[in-house]
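One structure is given below, encoded as structure tokens.
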Amino acid sequence: MKIASQIRGLLNYLYQALQGNYQTEAVMDNGSQTSPSSKQVCKRTQYEDPFAFHSLLSSSGSLLDNENSLFLGQLMPPLRGIEEQCEGGNTRSGGGGRGGGVLQPSSAPTSPQHRHNSVSSPPPLSPVPLAASIASTSSDPNFHATSLRERNAAMLNNELMADVHFVVGQPGSTQRIPAHKYVLAVGSSVFYAMFYGGLKSEEEVQVPDVEPSAFLTLLRYLYCDEIRLEPDTVLATLYAAKKYLVPHLAQQCVKFLEVSLTARNACLLLSQSRLFEEPELMTRCWEVIDAQAEMALQSDGFVDIDFPTLTSVLSRETLNCREIILFDAALCWAEAECSRQELQPTSENKRKVLGAALNLVRIPCMELTEFANGAAQSGILSLQETTDLFLHFTARNKPTVSYPIKPRHGLRKQICHRFQSSAYRSNQWRYRGRVDSINFMVDKRIFIVGYGLYGSSSGAADYNVRIELKKYGEVLAESTTKFFSDGSSNTFHVHFAHPVQVERDVYYTASAILDGAELSYFGQEGMSEVNMGALTFMFHCSSESTNGTGVQGGQIPELIFYGPTTETTEK
């Protein structure tokens, strides 16, 4: 009971100290006051040994914030438990009774956003039970989190204990984002240098070159190892990851871009990959631009590329398109560049912003009608250039021109043969209205150009044909055309309007509906797997086939495509 009495006296002292009543006076048993010989304060009727309290302070660490104030928030719960053990009963509340009760904050914070305001100094104490204080924090998500990741996620973009703020975005559309130096420093060497190294910065950091959404994506990864990428912000996120040297996030951005790469965004991504120095992404972009050049050059994003990227595209040997397409694309870029430079889009200004890039277009390799109806009437060529080019097209003695006269190499078409032999039969193949179909998959990205088909086995004949390429039942490309069969067992090629991108490890369906002579050749000794060195095709029967075509035999003996070759793979 003596210990309990001392504890109650200490608690009462703590209450008086935290209320600002820490004074150099002693209270005597009879209520009179006297000047003590030291600054130790005790209530002798409840805490008989004043030096015992001084010893407690010494053994408990430095509880004194300064000479006149105490910070005892960490000490209160243990003392409460000691008193309960000594009393063996419920804690008294209120001012009545001997020694009073354990005191708790009068209003406990209910969320992390509020708690940070109470760290600097303890609030006034009132006789609230400890259990009520613990219950008041039950709504705090980081207190109830079961994993480190969840606890860190609760601190993301949270003012609680934030020791740095970032003002992110362009002036006029900025966002102030709180953060915690330790979390950022252990995830980025740039942040470490900013906060703990030679690049120490202020508590508010200006970041005008990063979009707020991209910066929050970066913080989400640093706080809780989570990556959320969106098509509209992935480039901005890649820039942020590069700026703050977070390589894994940058790699995931590149993979995301590779998966979403199409002819419509290939030129713009090429420009960005050159800026970010991402060689793998550049290679993927060039594959798409080479194979689907017309679609890439006519896309909306082409006019937004920078000048070095423009010159790289115009000088590319493997572009698979006509020169008039390149010429028109260059003019569209020049018009957009005039707008960016606040110039009138006149022929003279277009020629000025293009500069030497125009001379990379191989105008002499156009068809004469394309030149006469297009480039010659564009107004961007001088009169002398137009005359010399006309003579180059028509005259025996061709004048010298300032444009390359050698055609581009383009891409070499490759053919996958899936049958080892062919045959014909005396009865009809029954083409009319029947579907010949086969499923295939490749282990590398390719671009399907068209199919090779068998023709008549009973002499020359014309065929009408509709070809399709599907992915999970969705038509990716279709073409209705004709071909002439000379009666031989050769295959006859039909093409799509544009090459179609085919991703690796996904089954696609190739289909053909022919209308013509019903006595025709067909393939046999089919292979379920065809290895072409740089890539491998795998074939599977299609449920859409209604005319007997399958893996072992039938129509569609060839797939025509652009793709990697053994030579390029070895390089």
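The figures that follow rest on heavy atoms only: side chains count, while hydrogens, waters and symmetry mates do not.
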Within-4.5 Å side-chain heavy-atom neighbours: [X] and [Y]:
{"X": "F327", "Y": "M366", "result": "yes"}
{"X": "L261", "Y": "E287", "result": "no"}
{"X": "H493", "Y": "K413", "result": "no"}
{"X": "D436", "Y": "F522", "result": "no"}
{"X": "Q272", "Y": "E278", "result": "no"}
{"X": "W333", "Y": "F302", "result": "yes"}
{"X": "K471", "Y": "V500", "result": "no"}
{"X": "W286", "Y": "S312", "result": "yes"}

Inset, instruction - Using atom types as modelled and distance alone, determine if a side-chain donor or acceptor of R351 lies under 3.5 Å from a backbone N or O of I380. - result: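 Judged by distance alone, yes, a pair lies under 3.5 Å.
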Inset, instruction - Output yes when a side-chain donor or acceptor of T536 lies under 3.5 Å from a complementary backbone atom of D443, and no otherwise. - result: no
Legend entry - Over all atoms of both residues, closest heavy-atom pair of L559 and F539: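 Smallest heavy-atom distance, with atoms named: CD1-CE2, 3.9 Å.
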Legend entry - Minimum heavy-atom distance L184-F191, with the two atoms named: O-CB, 3.5 Å
Can you give each donor-acceptor pair under 3.5 Å made by side-chain atoms of residues 215-229, sequence neighbours left out, with the distance rounded to 0.1 Å?
| from | atom 1 | to | atom 2 | distance (Å) |
| --- | --- | --- | --- | --- |
| T217 | OG1 | S213 | O | 3.0 |
| Y223 | OH | H180 | N | 2.9 |
| Y223 | OH | H180 | ND1 | 2.6 |
| E226 | OE1 | R149 | NH2 | 2.8 |
| E226 | OE2 | R228 | NE | 2.4 |
| E226 | OE2 | R228 | NH2 | 2.8 |

Legend entry - Pairs flagged by ring pair (Phe, Tyr, Trp, His ring centres under 6.0 Å) wherever residues 391-422 is involved - sequence neighbours left out: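 Applying ring pair (Phe, Tyr, Trp, His ring centres under 6.0 Å) to every pair that reaches into residues 391-422, excluding sequence neighbours, yields F371-F393.
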Inset, instruction - Just grab all the salt bridge (charged side-chain N to carboxylate O under 4.0 Å, His left out) pairs involving residues 360-379, residues at least two apart or on different chains. - result: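 Pairs touching residues 360-379 that pass the test: E317-R362, R322-E370.
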Legend entry - Residues that T318 engages under side chain to side chain contact (heavy atoms under 4.5 Å, CB included), provided they are two or more places apart: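 So T318 forms a side chain to side chain contact (heavy atoms under 4.5 Å, CB included) with D290, R316, L411.
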Legend entry - Contacts of type ring pair (Phe, Tyr, Trp, His ring centres under 6.0 Å), residue Y451, not counting sequence neighbours: F496
Run the side-chain donor-acceptor check on residues 247-259: report pairs under 3.5 Å with partners two or more places apart or on a different chain.
none

Legend entry - Whether Y454 and Y521 hold their rings parallel, tilted or perpendicular, with breakpoints at 30° and 60°: tilted
